[in-house]
Amino acid sequence: ADTHGTVLGITDNSFAQPYILLSASIPSDAGYFGERLNAARRELVQVWKLRSARLEPRLPSTDILGALLLASQIFSQQPANTSQKILLLFSDMRHHTHDLDLESPSAMFALHRAKKASKIPPPFDLHQVQVYALGVDGAGTPTAYWQSLEQFWEGYFQHSGASLNGFSALRELPRFPNPN
C-alpha cells in the first residue's frame with residue numbers, strides 16, 4: 001500500500017525518448033481485509049502481462065545512463081517523506097552508446113579513455129536510492145570483465161548517493177525489508 005512504481009525500458013536513447021512501459025500508484029488504504037491492495041495487484045499484473053507480451057530486444061545499443069537520468073527525475077518527483085526508494089535494473093549493465101561502450105571485454109581500456117575525455121556524465125542525484133542490478137550475466141566475457149563492470153557501477157552509484165545493494169547474474173527479486 002502507498003507505493004508508486006514505474007517500469008522503464010532501456011533503449012538506445014533512454015532519456016530523450018523515454019519508453020515508459022508502466023506507471024502506477026497504489027493507494028494507501030489497503031481496505032479492511034486488504035481487498036483494495038489485492039485488486040490493485042491483480043490489475044497491475046494483468047496490465048503488465050499485456051504490455052510485456054510483445055517485448056523483445058531489437059535496438060542496436062543500450063543507454064543505461066540515460067535511463068538513470070530519467071529515474072533520478074522520477075525519484076525527485078516523489079514526496080520527500082518517501083520511506084523507501086528502490087531501483088531495480090534488469091540489464092546486463094553494458095552501457096553501449098556512441099560516446100561510451102562498456103559492452104566489449106576491452107571496455108575497461110575504453111572506460112579509462114572515456115574518463116580522461118570526460119565522456120562519462122557526472123552521477124545523477126539518486127540519494128537514498130537502493131539499487132539492485134539483476135540479470136548481469138556476463139555471457140561471452142571473462143569473469144574479470146564482469147567484476148570490473150561491477151566495480152564501475154558500484155563507484156558510479158556511490159557517487160550518485162545511491163547504494164548498490166545487489167549486482168547479480170541471477171534474475172530473482174530480493175526480499176525487501178518492510179520500511180515500518
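Treat the numbers as computed from the prediction; the structure is a model and nothing was measured. FYI, side chains are in, hydrogens and waters are out, and symmetry mates aren't considered; it's all heavy atoms of this structure.
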Give the table of side-chain donor-acceptor pairs shorter than 3.5 Å for residues 42-53, with sequence neighbours excluded, one pair per line with atom names and distance.
| from | atom 1 | to | atom 2 | distance (Å) |
| --- | --- | --- | --- | --- |
| R51 | NH1 | L21 | O | 2.9 |
| S52 | OG | W48 | O | 2.7 |

Here the pair of heavy atoms bringing S14 nearest to G9 is OG-O, 4.2 Å
Separation between CD (E103) and OG1 (T97), nearest 0.5 Å, reads 10.5 Å
Any donor and acceptor pair, going by atom type alone, linking the side chain of S91 with main-chain N or O of A133 inside 3.5 Å? no
When every non-hydrogen atom of Y145 is compared with those of R94, the smallest separation belongs to OH-CG, 3.3 Å
Contacts satisfying salt bridge (Lys or Arg N to Asp or Glu O under 4.0 Å) that involve residues 19-38 (not counting sequence neighbours) are D29-R36
Note to self: Please say yes or no: joined through hydrophobic side-chain contacts below 4.5 Å, possibly via intermediate residues, are L87 and I26 part of one cluster?
What the structure shows: no
| query | Is there a side-chain contact between L68 and F157, using heavy atoms and a 4.5 Å cut-off? | reply | yes
**Q.** Distance-only donor-acceptor check, side chains H96 and T62, under 3.5 Å
**A.** no
Exercise. Is a side-chain donor or acceptor of H4 paired with a backbone partner of A24 at a separation under 3.5 angstrom?
Worked result: yes
Point to revise | Test item: Q73 and F15 side chains (from C-beta on) under 4.5 Å apart, heavy atoms | key: yes
- Is any side-chain heavy atom of Y156 less than 4.5 Å from a side-chain heavy atom of F124? yes
Are side-chain heavy atoms of W153 and I64 found at a separation under 4.5 Å?
-> yes
Taking every heavy atom of F75 against every heavy atom of I86, the minimum-distance pair comes out as CZ-O, 3.6 Å
Scanning both residues in full, the closest heavy-atom pair of I10 with A67 reads CG1-CB, 4.1 Å
Residue set satisfying ring-ring contact (aromatic ring centres under 6.0 Å, His included) with F167, at least two apart, ordered chain then number -> W146
Between A162 and V131, the two heavy atoms sitting closest are CB-CG2, 3.8 Å
Do the side chains of L55 and Y19 get nearer than 4.5 Å, heavy atoms only? yes
Hydrophobic cluster membership, with links at side-chain heavy-atom distances under 4.5 Å among I/L/V/M/F/W/Y: are L134 and L170 in one? no
Residues L69 and S72: closest non-hydrogen pair is O-OG, 2.7 Å
query: Would you say V136 and L89 make side-chain contact, with heavy atoms under 4.5 Å?
result: no
Only residue of I20, L22, L88 satisfying side chain to side chain contact (heavy atoms under 4.5 Å, CB included) with V7 is L22
